[in-house]
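These notes are about the structure you will find just below.
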Amino acid sequence: MMSSVSPDKRRKMESALNQLKKHTVVVADTGDFNAIEEYKPQDATTNPSLILAAAKMPAYQHLVDQAIKYGIAIGGTEDEQVANTMDKLFVSFGLEILKKVPGRVSTEVDARLSFDKEEMVAKALRIIALYEEAGIGKERVLIKLSSTWEGIQAGRELEEKHGVHCNMTLLFSFAQAVACAEAKVTLISPFVGRILDWYKESTGRKSYEPQEDPGVLSVTQIFNYYKKFDYSTVVMGASFRNTGQVKALAGCDLLTISPSLLAELSQDHSTVTEMLKVEKAKASDLEKIHLDEKDYRWQHNEDQMATEKLSDGIRKFAADAIKLETMIKEKMLNVKNGK
């Protein structure tokens with residue numbers, strides 16, 4: 001019986017995942033609903049790469065077929081039909097995910113719109129309208145936008161004028177984080193693992209301990225800055241390469257973790273300590289800065305890693321969106337030809 005087990009022993013029996021959940025909101029980074037069901041996260045995030053992977057799985061073909069029927073039924077040019085199918089597909093995955101999580105789902109705006117503020121706002125409102133048509137209010141959806149200057153301003157407009165909550169993704173620099181906080185967006189997703197990838201590649205170092213991991217240090221600095229100056233924007237560490245990175249950020253507002261690392265954490269019984277704390281942040285010696293567009297562009301540009309990883313991330317998400325479109329066009333043609 002549990003009551004006869006000492007608190008120390010009980011802690012040892014408890015998984016690192018369960019310990020982590022006491023300090024941080026755990027989010028599943030996947031489009032695969034079965035993984036979500038298994039690890040019971042609060043929220044879930046998706047992106048074009050994850051949706052592409054899930055859309056290829058036989059288990060989810062019915063969602064692809066439904067989205068194609070919807071796209072054809074709305075009509076218009078082939079490009080319009082494909083665009084409407086893509087929007088419907090992303091929302092369909094989001095709706096299935098929302099059946100499995102108590103919190104929110106993040107749905108991403110096409111990365112090819114990353115430098116067009118107006119188009120990002122229009123696409124976001126279209127996604128929200130599709131969720132609302134399905135009976136899901138905007139409070140359960142986070143719109144993911146690339147953390148370009150235009151994306152951050154789209155986030156500002158969506159939050160201020162439309163009450164739409166935004167998740168700023170592909171975030172690598174402190175300048176991006178400051179601009180997001182000043183835009184009062186709901187949440188940012190700094191990419192821990194991709195930062196580490198860049199440093200390993202550029203320095204030739206094979207590994208970094210979690211405490212000196214450049215991705216961990218970046219998120220820690222951002223968390224401390226936000227808490228020290230009482231910004232409403234919260235921090236969700238993303239893109240992890242190992243559980244050491246995850247555990248080094250215990251205490252972060254949220255962490256979005258892939259199913260493979262969630263599995264590792266659920267089998268790990270080492271002690272998880274709260275590493276990021278508001279009191280520590282308040283005591284940090286960070287100074288408040290303000291960034292207008294030219295300051296933002298300069299400071300972000302001064303960070304070689306962030307500049308390279310942002311452009312690389314946009315290209316990769318765009319490439320996967322194009323692959324998904326190609327798959328949809330082929331299936332659409334089959335439907336129209338009665339195959």
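Put simply, the side chain of Glu80 gets close to the backbone of Thr77: a donor and an acceptor are under 3.5 Å apart. Checked by atom type and distance alone, the side chain of Ser284 pairs as donor or acceptor with a backbone atom of Ala281 at under 3.5 Å. Between the side chain of Thr220 and the backbone N or O of Val216 there is at least one donor-acceptor pair closer than 3.5 Å. For the pair Gln42 (side chain) and Val27 (backbone), a donor-acceptor distance under 3.5 Å is absent. The backbone N or O of Glu14 sits nowhere less than 3.5 Å from a side-chain atom of Asn18 that would complete a donor-acceptor pair. Side chain of Arg104 to backbone of Ala44: no donor-acceptor contact under 3.5 angstrom is found. Here the side chain of Thr24 pairs no donor or acceptor atom with the backbone of Lys21 at under 3.5 angstrom. No donor-acceptor pair closer than 3.5 Å links the side chain of Ser146 to the backbone N or O of Thr148. A distance-only check finds no donor-acceptor pair linking the side chain of Lys228 to the backbone of Glu287 [under 3.5 Å].
Side-chain contact, Thr45 with Asp29: a donor N or O sits under 3.5 Å from an acceptor N or O. Side-chain contact annotation: Gln81 with Lys329, donor-acceptor N/O pair under 3.5 Å absent.
Salt bridge status for Glu279 with Lys282: absent, with no side-chain N to carboxylate O gap under 4.0 Å. Ionic pairing of Lys323 and Asp320 is present here: one or more N-O contacts between side-chain nitrogen and carboxylate oxygen are shorter than 4.0 angstrom. Using a cutoff of 4.0 Å between basic side-chain nitrogens and carboxylate oxygens, Arg241 and Asp197 are scored as salt-bridged. Electrostatic pairing of Arg194 and Asp312 does not count as a salt bridge here, judged by no charged N lying under 4.0 Å from a carboxylate O.
Not counting sequence neighbours, the partners of Trp149 by the ring-ring contact (aromatic ring centres under 6.0 Å, His included) test are Tyr296. Under the rule for a ring-ring contact (aromatic ring centres under 6.0 Å, His included), Tyr131 has no partner lying at least two apart in sequence or in another chain. Residues satisfying the ring-ring contact (aromatic ring centres under 6.0 Å, His included) test with Tyr208, not counting sequence neighbours, are none. Applying the side-chain hydrogen bond (donor to acceptor under 3.5 Å, both in side chains) rule to Glu264 yields no partners; only residues at least two apart in sequence or on another chain are considered. Applying the ring-ring contact (aromatic ring centres under 6.0 Å, His included) rule to Phe240 yields no partners; only residues at least two apart in sequence or on another chain are considered. In terms of the salt bridge (Lys or Arg N to Asp or Glu O under 4.0 Å) criterion, residue partners of Lys227 (sequence neighbours excluded) are, by chain and number, Asp253. Remark: Lys309 engages no residue in a side-chain hydrogen bond (donor to acceptor under 3.5 Å, both in side chains) (not counting sequence neighbours). Shown here are the salt bridge (Lys or Arg N to Asp or Glu O under 4.0 Å) partners of Glu302, two or more places apart in sequence or in another chain: there are none. Under the rule for a side-chain hydrogen bond (donor to acceptor under 3.5 Å, both in side chains), Ser311 has no partner lying at least two apart in sequence or in another chain.
Here the side chains of Leu255 and Val25 are not in contact, with every heavy-atom distance at 4.5 Å or above.
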Quick one, Glu150 with Arg297, criterion salt bridge (charged side-chain N to carboxylate O under 4.0 Å, His left out). Give me CA distance, side-chain angles, the key distance, then yes/no. CA-CA 11 Å; Glu150 295 80 4; Arg297 290 192 184 282; 2.9 Å; yes

Ile328 vs Leu89, side-chain contact (heavy atoms from CB on, under 4.5 Å): CA-CA, chis, key distance, verdict: CA-CA 10 Å; Ile328 284 167; Leu89 185 62; 4.2 Å; yes

Evaluate the side chain to side chain donor-acceptor pair (under 3.5 Å) criterion for residues Glu157 and Gln153: first the C-alpha distance (whole Å), next the side-chain angles of each, then the deciding distance (0.1 Å), finally the verdict. CA-CA 6 Å; Glu157 186 170 313; Gln153 301 320 306; over 6 Å; no

Candidate pair Gln245 and Asp213, rule side chain to side chain donor-acceptor pair (under 3.5 Å), full reasoning: CA-CA 8 Å; Gln245 290 178 322; Asp213 183 304; 2.8 Å; yes

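Hydrophobic cluster membership is shared by Val192 and Val246, with clusters built from Ile, Leu, Val, Met, Phe, Trp and Tyr side chains linked at under 4.5 angstrom.
Across all their heavy atoms, Ile97 and Gly31 have their closest contact at CD1-CA, 4.4 Å. Shortest non-hydrogen contact noted between Ala318 and Arg112 is CB-CG, 3.6 Å. Taking each heavy atom of Met120 and Phe115 in turn, the nearest pair found is CE-N, 4.2 Å. In plain terms, the two heavy atoms of Ser15 and Leu265 that are nearest each other are CB-O, 3.7 Å. Minimum interatomic distance between Pro214 and Tyr199 (heavy atoms only, all atoms of both residues): CB-CD1, 3.4 Å.
Within 6.0 Å of CD on Glu201 lie no more than 12 heavy atoms contributed by other residues, nucleotides or ligands. Dense packing is recorded around CD of Glu212, with more than 12 heavy atoms of other residues, nucleotides or ligands lying under 6.0 Å away.
From Leu276, atom CG reaches atom CG of Leu249 across 5.5 Å, with rounding to the nearest 0.5 Å.
Sequence neighbours left out, the pairs with a member in residues 32-60 that pass salt bridge (Lys or Arg N to Asp or Glu O under 4.0 Å) are Glu37-Lys100.
Remark: of the listed residues Thr256, Asn167, Thr46, Asn167 is the sole one forming a side-chain hydrogen bond (donor to acceptor under 3.5 Å, both in side chains) with Ser106.
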Show which side-chain atoms of residues 62-72 pair as donor or acceptor with protein atoms under 3.5 Å away, not counting sequence neighbours.
unit_1: His62; atom_1: ND1; unit_2: Ala59; atom_2: O; d: 3.3
unit_1: Tyr70; atom_1: OH; unit_2: Arg126; atom_2: NH2; d: 2.9

Sequence neighbours excluded and cut-off under 3.5 Å, please list the side-chain donor-acceptor pairs for residues 171-186, or say none.
unit_1: Ser173; atom_1: OG; unit_2: Gln176; atom_2: N; d: 3.0
unit_1: Ser173; atom_1: OG; unit_2: Gln176; atom_2: OE1; d: 3.4
unit_1: Ser173; atom_1: OG; unit_2: His300; atom_2: ND1; d: 2.9
unit_1: Gln176; atom_1: OE1; unit_2: Phe172; atom_2: N; d: 2.6
unit_1: Gln176; atom_1: OE1; unit_2: Ser173; atom_2: N; d: 2.8
unit_1: Gln176; atom_1: NE2; unit_2: Ser147; atom_2: O; d: 2.9
unit_1: Gln176; atom_1: NE2; unit_2: Leu170; atom_2: O; d: 3.2
unit_1: Glu182; atom_1: OE1; unit_2: His290; atom_2: ND1; d: 3.2
unit_1: Glu182; atom_1: OE1; unit_2: Leu291; atom_2: N; d: 3.1
unit_1: Glu182; atom_1: OE2; unit_2: His290; atom_2: ND1; d: 3.0
unit_1: Thr186; atom_1: OG1; unit_2: Glu159; atom_2: OE1; d: 3.1
unit_1: Thr186; atom_1: OG1; unit_2: Glu159; atom_2: OE2; d: 2.8
unit_1: Thr186; atom_1: OG1; unit_2: His165; atom_2: ND1; d: 3.0

